[in-house]
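One-based numbering, in listed order, for ligands and for the atoms of each.
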Amino acid sequence: MNLPRTPGALCEEILSIALGDDVCIGEIVSPVVLECGPERPVHEAAALMSERRVSSVIVVEGGEAVGIWTERDALAVDMSDPAAFTRPLREVMSAPLRTVPASFRLHDLTVRFREEHVRHYLVVDDDGRRMGVVSQSDVVLNQGIEHYLKLRKVDSLVKGGLHAMPAAARLPEATARMRESGADAVVVDFGHEAEASASGRYGILTERDITRLVAQRVACGEVGDFASRPLIACTEQDSLYRVRALLAERHIRHVGVIGADGELCDLISFKDILSGMELAYVHELQHALHERDAALHTSRRNLYLAEKVIENSLEGVMVTDADVRIVSVNPAFTRLTGYAPEEVIGRNPSLLNSGRQSPAFYQRMWEELLESGKWQGEVWNRRKSGEVSPQLLHITAIHDEDGALTHYAALFTDISRLKENEARIRDLAYYDPLTGLPNRRLLEDRLQVELAHAARMRSRLAVMFVDLDRFKRINDSLGHGIGDRLLVEIASRLRACLREDDTVARMGGDEFLVILNNLAGPDEAAMTARRLVAALRRPVLIDEHELVVTTSLGISIYPDDSLDADTLIKNADVAMYRAKDEGRNSFQLYEPAMNARSLEHLAMETALHRALPRNELQLHYQPLVRIGGGGLEAVEALLRWNHPDLGLVSPADFIPLAEETGLIVPIGEWVLRCACEHHRNWREAGRPPLRMMVNISARQFRDEGFVAMVGSVLAETGMPPECLTLELTESMLMEGSERAIARLDQLRALGVGLAIDDFGTGYSSLAYLKRFPIDELKIDRLFVRGIDRNPRDAALVSAIVSLGHSLGLRVVAEGVETQAHLMVLHAQGCDLAQGFHFSRPLPWDEFVAVCCSGS
Ligand SMILES: Nc1nc2c(ncn2[C@@H]2O[C@@H]3COP(=O)(O)O[C@H]4[C@@H](O)[C@H](n5cnc6c(=O)[nH]c(N)nc65)O[C@@H]4COP(=O)(O)O[C@H]3[C@H]2O)c(=O)[nH]1
């Protein structure tokens, strides 16, 4: 950062500002120059001056100005001595005569007059030619003194004590008086009696009159004989400006002053006015200089302070010019960025960009900066080493006095530490420092979010309270260190047993809480609980200790056990204590009935696992008949489980369990294969065309290998794809609809037909009908049941039929049990019917027998 120039260097500049435009001496000098040789007699020089009305002659010898003789010097001529008039100028002149160049500045000359105490300077041009004489009065006159003259009155110059000379006084007395008093004129009193005359009582004798008398070699006489009359006067209250105008108008240089009493009290001259002004001018000059020095001192001190503050600031400071090129940086900048000043000066600050902010970010920054003149925000900057760190940046646009943009100043602080602390504080607030698991606070937040989600999706959620049995004993006997390590291991096992979007939190001590989302049912929670109990029971090896901890676990289910978070946690806690009462190392559901069901399901799950290998599954078939035209169009394959103890189990009872456990995938494949094989029998027997309809579950449809599986079953069984229709449900299509569309397209590509089962019970979003490539709608039997009695059902079915037809889809009515149902459906134009009215689902052989006997 550069300091301004020294006060000395600035001094003259400030003077010219304080005192107006600076002019050259050449511009103000009077061009009339009288020159005489040094031998010229005094009276001749005086004659020349009187004639030309000039107040001085320059004495020139050998082309050089060697001295000056002025009207003032004329007062020194001893008029009583005739020889005095003829004395050569050489003897009486003032010498040496100082010169100034014409290019010299007026204020420089002012200073010079003060320093050298002279009254005149000879002004010479660049070639040394004499241009004229400049006096102190010329300088003052050219300083723009009008405003002084207007403000000041004559009384400010009045000294009083006027000593008028009687008209009869001798001439030498007058010149002596003038010389001694320094006055350039005397007032001549002609006495009271002259008062009434036209010439008035007073007259005046001036230096210029004396010069004229010297020229005429007047040896003696009375002053009254030579005085000019009348004496022109003004009052004390007149402004000096008016007096100056009066002097100019009358071509005179003196004026008498009439006091308040009406008497003449003083004589003032043009010179008096000028010297008064000179004083004021010099005073002003000193004041300006003083102020300038003080301002300069303050500004230097401020600059010094600012420089020190910037230099020692912990904040990085970078200043750019208006074209955004760096002009200066401070040491903190170098510390923060790793760049030395010489590496960045002249460059654009974008060299610090980390690339983490988008161009749109910088565009917004510049828009704000240009609009409001400042910008503040967080940015990621790159150090010279390549390291990227967050910084708080404050940019200000700097303008000059005329409002033009000159610089940008950027202040920035590294906030990496701040960010780390923030993250640490956040972690402390929301995470358990020992296990790294969410703490109670975060769990409560998450539970609220998950509950809202479950309410929206109409799904189930479980809250599990997990408590280690007799943990306190381990802690007390082996110490807290071992206890802590055990908790860390338990936490990691819990986490490993759960899905990614489930939450496990440590509530404190040996208590953990788990949230399971999107549950298919309470059984899924029970299954997970069983897995957790088993995982935690496995021995933990810490140093030489093999520790076995058992767990008691309580489960509450949303929305079954409560709708609010606090009650769900409380109920899970209650269930956990029940598990402890029941002998620990187990889990309990809050609703006891659920426990019973869960046991039942457990047994069922085990049995279902064995159903396929033991050939306990079979398919029944139900026909789909054309309405109106009669005749068999298709057949739906319906799964049955022939349980060794329970007999035939309804698919409604075991398919959800098969879905929960994932068993539906192999079971579904078996169903498809079996249905296609039966269809092959049908074809091979040369029977009329028949479509085979097979139910597909959501879990199957989501399975990555599903489409490939359908393709290979078709190929292996030789099933014509157009003879196979897969039945899907609305909700299956709604989950991840983009993926569902892709899958449906792949199935279409195989050539199989697609039907929506149970239409009207799911989301019934009409939009998907348009987007998904389906052929057929199956109206749920709930609507068909009341179709002949309930006009609302009839209206609904009729609406679905028209909707389906308008989209070019076939419409099937399920659950047709009576002739009355059939008649209404016929009237409504429904295409196909399925139901007990035609046939119950039958084993394949029976189905074939019934169909063939009817056909
Ligand atoms: N009240 C009444 N009911 C009738 C009538 N006509 C047929 N039904 C019953 O309606 C159900 C029709 O099947 P769904 O809607 O696909 O509903 C099926 C289907 O969603 C599912 N399902 C059956 N087999 C399979 C399968 O192989 N795979 C999959 N994923 N699901 C299957 O189980 C559900 C129940 O099957 P089922 O118990 O066989 O019950 C069958 C059938 O017996 C009638 O006139 N009145």
Side-chain angles (χ1 to χ4, degrees), residues 520 608 611-612 616-625 627 634-643 646-679 691-703 706 709-710 713 724-732 754-762 776-788 793 797 811-822 824-825 830 832-844 846-847 850:
L608 191 60
L612 249 186
E616 290 168 4
L617 299 178
Q618 49 180 260
L619 290 183
H620 283 192
Y621 293 89
Q622 189 177 34
L624 278 78
V625 176
I627 300 176
V635 62
E636 179 177 3
L638 294 158
L639 183 59
R640 299 290 178 261
W641 179 16
N642 201 354
H643 190 279
L646 305 171
L648 267 193
V649 182
S650 158
D653 290 335
F654 73 86
I655 283 190
L657 187 58
E659 290 207 318
E660 261 177 46
T661 54
L663 276 171
I664 193 69
V665 174
I667 291 176
E669 182 175 347
W670 176 86
V671 170
L672 184 65
R673 192 178 302 276
C674 184
C676 290
E677 276 164 3
H678 281 142
H679 194 271
R691 266 192 305 127
M692 177 61 76
M693 305 194 65
V694 176
N695 288 285
I696 302 297
S697 87
R699 176 73 178 72
Q700 257 181 296
F701 185 70
R702 279 203 307 265
D703 193 75
F706 176 66
M709 183 276 285
V710 175
V713 171
L724 178 65
T725 297
L726 302 179
E727 292 191 15
L728 312 162
T729 60
E730 292 170 88
S731 51
M732 271 159 72
L754 300 168
I756 302 279
D757 201 5
D758 306 336
F759 185 77
T761 58
E776 204 158 351
L777 291 183
K778 294 187 79 179
I779 307 174
D780 193 82
R781 61 178 181 272
L782 270 177
F783 303 112
V784 176
R785 198 165 53 191
I787 193 175
D788 52 336
D793 284 347
V797 172
V811 183
V812 183
E814 285 184 330
V816 179
E817 294 185 349
T818 64
Q819 183 62 26
H821 288 160
L822 191 61
V824 177
L825 290 165
C830 186
L832 300 169
Q834 176 183 2
F836 297 164
H837 178 63
F838 304 102
S839 168
R840 287 187 173 266
L842 298 169
W844 177 251
E846 286 180 45
F847 164 76
V850 169

*Enumerate the atoms of ligand 1 whose separation from the nearest heavy atom of Asp757 is less than 4.0 angstrom.*
14 (P), 15 (O), 16 (O)

_Side chain, backbone, both or neither: the part of Glu636 lying under 4.0 Å from ligand 1 by heavy atom_ = side chain

*Give yes or no for whether the N/O distance cutoff of 3.5 Å, strictly under, is met between Leu639 and ligand 1.*
yes

_Part of Ser697 within contact of ligand 1 (heavy atoms, under 4.0 Å)_ = both

*Less than 4.5 Å apart, any side-chain heavy atom of Ile655 and any of Trp641?*
no

*Would you check whether Gln700 has a nitrogen or oxygen atom less than 3.5 angstrom from a nitrogen or oxygen atom of ligand 1?*
no

*Any idea which part of Leu619 is under 4.0 Å from ligand 1, heavy-atom wise: side chain, backbone, both or neither?*
neither

*Any N or O of Pro651 that comes nearer than 3.5 Å to an N or O of ligand 1?*
no

*Enumerate the atoms of ligand 1 whose separation from the nearest heavy atom of Glu817 is less than 4.0 angstrom.*
1 (N), 2 (C), 44 (C), 45 (O), 46 (N)

*Gly668: heavy atom below 4.0 Å from ligand 1, yes or no?*
no

*For ligand 1, is Arg640 a contact, meaning one of its heavy atoms is under 4.0 Å away?*
yes

*asked:* So, regarding His837 and ligand 1 (criterion: nitrogen or oxygen to nitrogen or oxygen, under 3.5 Å), is there a contact or not?
replied: no

*Under 3.5 Å, is there a donor-acceptor pair linking the side chains of His620 and Gln618?*
yes

*In ligand 1, which numbered atoms sit nearer than 4.0 Å to a non-hydrogen atom of Gln622?*
6 (N), 7 (C)

*May I ask you to identify, for Val671, whether its side chain, its backbone, both or neither come under 4.0 Å of ligand 1 on a heavy-atom basis?*
side chain

*Element-labelled atoms of ligand 1 that are located less than 4.0 Å from some non-hydrogen atom of Glu727*: 16 (O)

_Can you tell me which portion of His620 lies within the under-4.0 Å heavy-atom range of ligand 1? Options are side chain, backbone, both, or neither._
neither

*How far is atom 11 (C) of ligand 1 from its nearest protein heavy atom, and which residue and atom is that?*
Arg781 NH1, 3.2 Å

*What part of Lys778 sits under 4.0 Å from ligand 1 if we count only heavy atoms: the side chain, the backbone, both or neither?*
neither

*Going by an N to O cut-off under 4.0 Å, is there a salt bridge joining Glu659 and Arg699?*
no

*Counting heavy atoms not belonging to Arg785, are there more than 12 under 6.0 Å from its CZ?*
no

*Where does Val694 meet ligand 1, judged by heavy-atom distances below 4.0 Å: at the side chain, the backbone, both, or neither?*
neither

_Gln834 heavy atom under 4.0 Å from ligand 1_ = no

*Proximal ligand 1 atoms for Glu814, defined as those under 4.0 Å from one of its heavy atoms*: 15 (O)

